[in-house]
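Since the structure is predicted, the reported quantities are computational estimates derived from the model, not experimental observations.
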Amino acid sequence: MKYIAPVGATDPDESYVTGNPATGTPGSRVGGPAIEHPMREIVHFIEAAGLVPDESNLGQLVEAFNKMGSKQEVGKLSLRIVDPSNLPALAPNELVPMGQLLNRADYPELWEYIQASGAMVSDSAWQQSGREAFFSSGNGSTTFRPGNLVTGVFPRFLDLTGLYDPDRASRVGGNVAGSWQRDAIRNISGTYTSTVNEGLANFNTPGSTNGLLTYSNFKTENLGRPQGSNTAAFSLEFDASRVVPTGSDNRSFNIAVLPTYIYK
């Protein structure tokens, strides 16, 4: 809205004067627009926050400010460092995305955000492996899912430049936020060619070598080759845990965090 000067002002930016009967100083005359326009602006703001203007509630403007401020954060993902066995109390507008079914009527702002996010799939598609982080349309009429981000998989920044995710085309759901990519070890390939005297056929006698290994302190049975044979194929067993830390999946150093969504 624009500034509305007192009635009869010669300058559109003229200030209002407070009258003083004791000194005979007349006060500025206030026109209708000066009262009506600010009032309508406030009412419009209260309505835009989803509230119903109530003349008996003198705290609605503050409530509207708070609600409009948090509304800008709807859909924002936060990460917390917490004890999983003793989760802290969440903020009134915060939830943990665990793939739970939620009622659309209870979370209207978040449901509005999800519909416009471009990351929503049907619930049947969401049930497929690798779709857990996407939003789900739920039963198609009254529910939805906020996705499941507490699955123990690593977060990865979306590759918008194509620099560091060469396999982005293989992501379940495409190269979009919420897509999933299974674990892998970078492929290493090559060829070793031994000389005639270093061939594996000669590697069956203590002290012999094939250019890579020296056979000295174990029997030929440990190589998987029949005793005394220098022609049969052999296998060499190894235990990677003796060299590097091993686990049931590939992972790097990591910190567990709890994701939460702002929903109103």
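The only option from Trp111, Phe135, Trp126 that meets the side-chain contact (heavy atoms from CB on, under 4.5 Å) definition with Phe144 turns out to be Trp111.
At least one side-chain heavy atom of Leu102 sits less than 4.5 Å from a side-chain heavy atom of Leu95. Looking at Leu77 and Leu149, their side chains come closer than 4.5 Å, going by heavy atoms from C-beta outward. Using a 4.5 Å heavy-atom cutoff, the side chains of Arg80 and Leu90 are in contact. You'll find the side chain of Asp165 reaches within 4.5 Å of the side chain of Gln181, heavy atoms only. Inter-residue side-chain proximity for Gln128 and Val172 is flagged as unmet; no heavy-atom pair is nearer than 4.5 Å.
Residues that satisfy the side chain to side chain contact (heavy atoms under 4.5 Å, CB included) test with Val7, not counting sequence neighbours, are Arg29. Annotation: ring-ring contact (aromatic ring centres under 6.0 Å, His included) contacts of Phe134 (sequence neighbours excluded): none. Remark: Met1 engages His37, Pro38, Glu41 in a side chain to side chain contact (heavy atoms under 4.5 Å, CB included) (not counting sequence neighbours).
Residues Val43 and Val62 fall into different hydrophobic clusters, defined by Ile, Leu, Val, Met, Phe, Trp and Tyr side chains chained together at heavy-atom separations under 4.5 Å. No path of Ile, Leu, Val, Met, Phe, Trp and Tyr side chains, each step under 4.5 Å between heavy atoms, connects Val176 with Met120, placing them in separate hydrophobic clusters. Leu101 and Met98 fall into different hydrophobic clusters, where Ile, Leu, Val, Met, Phe, Trp and Tyr residues are linked whenever their side-chain heavy atoms come under 4.5 Å apart, directly or through other members.
For the pair Ser15 and Ser28, the tightest heavy-atom approach, listed with the atom from each and the gap, is O-OG, 4.2 Å. Nearest heavy atom pair, residue Arg171 against residue Ser179, reads NE-OG, 2.7 Å. Across Glu55 and Leu58, no two heavy atoms sit closer than the pair O-CD2, 4.0 Å. In terms of heavy-atom proximity, Ala125 sits nearest to Arg131 at O-CG, 3.2 Å.
At most 12 non-hydrogen atoms from other residues, nucleotides or ligands lie less than 6.0 angstrom from OH of Tyr164.
The line from CD of Glu132 to CD of Gln127 is 9.5 Å long, rounded to the nearest 0.5 Å. Separation of atoms CG (Asn139) and OG (Ser122) is listed at 12.0 Å; rounding is to 0.5 Å. Taking CG from Leu110 and CD from Gln115, the interatomic distance works out to 10.5 Å, rounded to the nearest 0.5 Å. Taking OG of Ser137 as the start and CD1 of Ile114 as the end, the distance is 10.0 Å to the nearest 0.5 Å. Taking CD of Gln60 as the start and CD1 of Ile46 as the end, the distance is 4.5 Å to the nearest 0.5 Å. Distance CG/Asn103 to CG/Asp106: 4.5 Å, rounded to 0.5 Å.
Asp159 places no side-chain N or O within 3.5 Å of a backbone atom of Asn175 that could act as its donor or acceptor partner. Not one N or O on the side chain of Tyr16 forms a donor-acceptor pair closer than 3.5 Å with the backbone of Gly27. Arg104 places a side-chain N or O within donor-acceptor distance of the main-chain N or O of Thr143, the cut-off being under 3.5 Å.
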